[in-house]
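We count residues from 1, following the sequence as given. Here the structure is a predicted model, which is why all the values come from computation and not from measurement.
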Amino acid sequence: MKTKQLLACLTLAAVSLSAISAEVVVYSARNEQLIKPLFDSYTRDTGVQIKFITGAEGPLLERLKAEGQNSPADVLLTVDAGNLWHAAQQGLLRPLQSKILQDNVPAHLRDPANEWFGLSVRARTLVYNSSRLKPADLSTYEDLADPKWKARLCLRSAKKVYNQSLVAMMITEHGEPKTENIVKGWVSNLATAPFADDTKAMEAVANGQCDVTIVNTYYFGRLMEKSPHLPLAIYWPNQHLGSKHAGVHVNISGAGVTRHAKNPLGGQKLIEWLSSDKAQNLFADNNLEFPVNPKVKPDATLAGWGSFKPNQINVKEAGSLQIQAVKLMDRAGYK
Ligand code: FE
């Protein structure tokens, strides 16, 4: 090898080494209490320091956009595929070539263009009043539109991204006209006006205002930790249908490396580590979420709820169909 080439190789090696050991800056919509223990563990493992700021997803995205090339952020960590999809659409993320992430994250829980990757799974499922209903009374999200549920359904507000994502995923399966009829059916079955959050909807089910609602399981887990005697139970809907549309509606929390990252390799290494066996339980269990990595077992509380078949449609549809879903919910009178 000629001296010049050798020098070039050495310089490259030096650059990549320093990129690995340099600090990583994370903008996180997950709160400090959830991410700090993970980052501390990563620093102990690798010697890499992590700086982070936390905030609500909207303002964090706006900040990243406003900072442009001058942003110090290497990694964006947030909840809901809809938010990650928006970040990618706005050109705030960059694609990663990573065999580790391809192996650890199922295809439907990551961006087909590799700009973001799910790191934990959140299931949006049915919770019912166990002193009034039997599991056999329930079957699917769609069935809750049947007139037999008149004045027996409680729902969270349509303004929250979670129900927008659920309806977006239903559009991929049924198309708009049929989904609109289902949502209209839900609205005509409401026992009372939609609630501001999942916990209030479950409390209404527990006190008999209605029989069933649709919530993210971690809210159920938190409520039952606090009030274990409430007559509430989880039901996994859409389990017996044949297509890949069938199954429980799932969403993710996840991450991507920013377009203008100063330490993109360091950011990628961090996201790869978060998807690993070692970090997955720490990442998911603290918030009663499911690991995204199928090789990792969920927390005992979650395992106690039984296993379920998730919907296999790529979660990016929650973003790409969000506007259609919001308009449809509005037409159907879902507030
Ligand atoms: Fe939440």
Side-chain angles (χ1 to χ4, degrees), residues 26 28-31 34-35 37-39 41-42 45 57 75-88 93 95-125 161-162 165-166 168-169 216-221 234 236 244 246-257 267-319:
V26 179
S28 172
R30 273 171 98 84
N31 65 34
L34 291 177
I35 56 171
L38 276 162
F39 292 165
S41 173
Y42 186 69
D45 268 19
E57 52 262 9
V75 170
L76 174 71
L77 190 67
T78 187
V79 295
D80 205 282
N83 292 328
L84 288 159
W85 182 87
H86 279 296
L93 302 176
L96 304 182
Q97 297 314 320
S98 167
K99 171 89 168 76
I100 295 174
L101 288 169
Q102 306 278 331
D103 286 349
N104 289 348
V105 183
H108 69 110
L109 303 175
R110 51 180 153 87
D111 179 20
N114 296 311
E115 296 201 9
W116 47 264
F117 298 82
L119 292 171
S120 66
V121 177
R122 355 182 77 207
R124 195 155 185 80
T125 193
V161 68
Y162 301 157
S165 295
L166 171 62
M169 297 306 267
N216 285 359
T217 54
Y218 56 90
Y219 291 111
F220 172 80
I234 275 189
W236 303 119
K244 70 172 183 172
V248 172
H249 170 63
V250 287
N251 209 310
I252 54 169
S253 78
V257 171
Q268 176 168 339
K269 297 264 173 224
L270 173 64
I271 297 173
E272 287 171 345
W273 183 83
L274 290 171
S275 76
S276 72
D277 301 31
K278 170 150 196 191
Q280 275 284 283
N281 281 113
L282 263 178
F283 192 91
D285 297 359
N286 286 349
N287 197 36
L288 292 171
E289 293 177 330
F290 296 89
V292 77
N293 184 331
K295 291 170 291 236
V296 179
K297 292 209 162 45
D299 170 82
T301 306
L302 279 69
W305 300 336
S307 59
F308 62 89
K309 187 167 78 174
N311 184 290
Q312 303 277 323
I313 301 291
N314 192 290
V315 289
K316 82 173 170 58
E317 303 295 355

At what distance, to the nearest 0.5 angstrom, does [atom1] of [X] lie from [atom2] of [Y]?
X	Y	atom1	atom2	result
Ile234	Leu302	CD1	CG	8.0 Å
Asp103	Ser275	CG	OG	9.0 Å
Leu274	Leu101	CG	CG	9.5 Å
Asn281	Leu38	CG	CG	10.5 Å
Leu96	Gln102	CG	CD	9.5 Å

Would you say [X] and [Y] make side-chain contact, with heavy atoms under 4.5 Å?
X	Y	result
Leu76	Leu93	yes
Asn311	Met169	yes
Val296	Phe283	no
Leu282	Ser41	yes
Thr217	Leu288	no
Val315	Leu84	no
Val161	Val79	no
Trp116	Asn83	no

Could you report the tightest heavy-atom contact between [X] and [Y], atom names first, then the distance?
X	Y	answer
Arg110	Asn114	NH1-OD1, 4.5 Å
Asn286	Pro37	ND2-CG, 4.4 Å
Ala123	Val248	CB-CG1, 4.0 Å
Ala168	Ala318	CB-CA, 4.0 Å
Val292	Ser120	CB-N, 4.0 Å

According to side chain to side chain donor-acceptor pair (under 3.5 Å), who are the partners of [X], at least two apart in sequence or on a separate chain?
X	result
Tyr42	none
Asp80	Ser165, Asn251
His108	none
Ser98	Glu272

* Return the set of residues passing ring-ring contact (aromatic ring centres under 6.0 Å, His included) with Trp305 (not counting sequence neighbours), or none when no residue passes. =>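 For Trp305, the residues satisfying ring-ring contact (aromatic ring centres under 6.0 Å, His included) (neighbours in sequence not counted) are Phe220.
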* To do: Apply ring-ring contact (aromatic ring centres under 6.0 Å, His included) to Phe308 and list each qualifying residue two or more places apart in sequence or on a separate chain.
  =>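 Partners of Phe308 by the ring-ring contact (aromatic ring centres under 6.0 Å, His included) criterion, ordered by chain and then number, come out as Trp236, Phe290.
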* Within the distance-only criterion (no hydrogens, no angle test), does the side chain of Gln280 pair as donor or acceptor with the backbone N or O of Asn293 below 3.5 angstrom? ->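 It does hold such a pair.
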* Asked: Under 3.5 Å, side chain of Gln268 to main-chain N/O of Gln97, donor-acceptor pair present?
  ->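 Flag set: sc Gln268 to bb Gln97 pair under 3.5 Å.
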* Relative to each other, are the rings of Tyr218 and Tyr162 parallel, tilted or perpendicular (30° and 60° limits)? ->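 Perpendicular.
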* Asked: Can you pull the salt bridge (charged side-chain N to carboxylate O under 4.0 Å, His left out) pairs that have at least one residue in residues 283-301, sequence neighbours excluded?
  ->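 As it turns out, the salt bridge (charged side-chain N to carboxylate O under 4.0 Å, His left out) pairs with a partner in residues 283-301, which skip direct neighbours, are Arg30-Glu289, Arg122-Glu289.
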* **Partners passing side chain to side chain contact (heavy atoms under 4.5 Å, CB included) against Ser276 (at least two apart in sequence or in another chain)** =>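 So Ser276 forms a side chain to side chain contact (heavy atoms under 4.5 Å, CB included) with Trp273, Lys278, Ala279.
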